[in-house]
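Beneath this line is the structure, given in structure tokens, with notes to follow.
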Amino acid sequence: MRCGIFSKGMLFLSWLSIGQVVGAYELVCPESVQIKPATPELKVVPQDWEVSAHKDILLRLDSAGIYSGKPVNLVQLKPEPLTIKGKKHNEAWDINRGSDLKNVGYWLNCSYNRNQVQLTRRIDSAMKVCWTVYSKDSQGGIRAKLECQ
């Protein structure tokens, strides 16, 4: 008898924890990225000139968006204002799987220094709608989080 009560209790706790995970899907863009020093490769270096090497550079996040397929294919989706569970979000996307006709998935793109560097990550295919939440860090830089249901 005790074993049955314990099993039902464990089953309930497992179900409860799964429910919390499913409702809290989010992806957070790193606030900054650091690029290695490099010397740009020029096809032709003008006579009497030399190419200067760059030092390590810290690039700050400046935007986040959603693409249909990998961002390299340049199919960026336009955000729209949506009301989700009674709360209005100005930058939101309806990414219902039925609209993914080519089955390429939806991708979050985090942009640094006006697309000098982009970090991308596929969004879980079970998600139906996503929205961005922006905030500021202690130095005034942008933080971006994508929340989805």
Side-chain angles (χ1 to χ4, degrees), residues 3-43 51-149:
C3 184
I5 293 171
F6 180 75
S7 296
K8 288 178 184 175
M10 289 303 291
L11 181 62
F12 176 74
L13 288 175
S14 297
W15 175 81
L16 186 61
S17 66
I18 289 170
Q20 289 175 346
V21 171
V22 171
Y25 182 82
E26 62 182 42
L27 298 174
V28 179
C29 292
E31 293 175 26
S32 61
V33 294
Q34 190 167 12
I35 59 175
K36 294 179 182 180
T39 303
E41 290 185 36
L42 300 180
K43 287 186 178 184
V51 180
S52 175
H54 295 279
K55 294 185 176 188
D56 282 357
I57 299 174
L58 184 69
L59 301 179
R60 307 278 307 166
L61 177 70
D62 56 31
S63 67
I66 292 182
Y67 284 73
S68 177
K70 291 189 176 185
V72 70
N73 297 324
L74 303 177
V75 184
Q76 186 171 13
L77 303 179
K78 182 179 176 184
E80 57 186 326
L82 292 175
T83 301
I84 303 159
K85 291 188 175 182
K87 186 173 180 185
K88 186 173 181 178
H89 299 278
N90 290 325
E91 286 193 21
W93 297 264
D94 181 359
I95 58 167
N96 190 330
R97 199 71 184 149
S99 62
D100 184 13
L101 301 177
K102 295 184 180 180
N103 200 28
V104 292
Y106 294 101
W107 294 72
L108 170 62
N109 180 68
C110 302
S111 173
Y112 300 83
N113 200 34
R114 295 187 175 90
N115 289 331
Q116 184 176 354
V117 172
Q118 295 176 328
L119 294 180
T120 64
R121 188 165 172 184
R122 190 173 186 147
I123 299 168
D124 186 317
S125 62
M127 298 301 111
K128 305 288 184 217
V129 63
C130 295
W131 60 94
T132 51
V133 177
Y134 288 104
S135 60
K136 297 275 185 179
D137 64 17
S138 62
Q139 299 173 344
I142 295 175
R143 289 182 178 158
K145 174 172 57 173
L146 184 74
E147 294 183 357
C148 302
Q149 295 180 343

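This one's a predicted model, so the numbers in the text were calculated from it and none came from an experiment. The figures that follow rest on heavy atoms only: side chains count, while hydrogens, waters and symmetry mates do not.
N115 is listed as a side-chain neighbour of N109, based on a closest heavy-atom distance under 4.5 Å. Side-chain contact between W93 and L82 is absent, with no heavy atoms from C-beta onward closer than 4.5 Å. Taking 4.5 Å as the limit, some side-chain heavy atom of L146 sits within range of a side-chain heavy atom of C148. A heavy-atom distance below 4.5 Å is not found between the side chains of K70 and V104.
Annotation: R60, atom CZ; neighbour count of heavy atoms from other residues, nucleotides and ligands within 6.0 Å is above 12. More than 12 heavy atoms of other residues, nucleotides or ligands shown are found within 6.0 angstrom of CD on Q34.
Distance check, rounded to the nearest 0.5 Å: CD1 of I142 to OG of S63 gives 7.5 Å. With rounding to the nearest 0.5 angstrom, the CZ atom of R121 is 9.5 Å from the SG atom of C110. The structure places CD of Q149 at 6.5 Å from CD1 of I84, a figure rounded to the nearest 0.5 Å. Expressed to the nearest 0.5 Å, how far CG of L58 lies from OG of S32 amounts to 4.5 Å. The CE atom of M127 sits 12.0 Å away from atom CD of E147, with the distance rounded to the nearest 0.5 Å. One finds the CD atom of Q118 at 11.0 Å from the CG atom of L108 (value rounded to the nearest 0.5 Å).
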Side chain to side chain contact (heavy atoms under 4.5 Å, CB included) between T120 and Y67, worked out: CA-CA 9 Å; T120 64; Y67 284 73; over 6 Å; no
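Remark: N73 pairs with no residue by the side chain to side chain donor-acceptor pair (under 3.5 Å) rule, at least two apart or across chains. For W131, the ring-ring contact (aromatic ring centres under 6.0 Å, His included) test picks out H89, with sequence neighbours left out.
A donor-acceptor pair under 3.5 Å links the side-chain atoms of Y25 to the main chain of D124, judged by distance alone. Checked by atom type and distance alone, the side chain of D137 pairs as donor or acceptor with a backbone atom of G140 at under 3.5 Å. Not a single donor-acceptor pair under 3.5 Å links the side chain of Y112 to the backbone N or O of E31.
Smallest separation of non-hydrogen atoms from C130 and I66: CB-CD1, 3.8 Å. Minimum heavy-atom separation, A144 to Y134: CB-CE2, 3.6 Å. Listed here is the closest heavy atom pair of Q76 and G65: NE2-CA, 4.5 Å. Nearest heavy-atom pair, P79 versus E91, reported as atom, atom and distance to 0.1 Å: CB-CA, 3.9 Å. Between W107 and P71 the shortest heavy-atom distance is CB-CD, 3.9 Å. Residues I95 and Y106 approach most closely at O-CE1, 3.5 Å, considering heavy atoms.
Under the 4.0 Å criterion applied to side-chain N and carboxylate O atoms, E80 and K78 are not assigned as salt-bridge partners.
When the options D62, V117, L61 are evaluated for a side-chain contact (heavy atoms from CB on, under 4.5 Å) with S111, the one that passes is D62.
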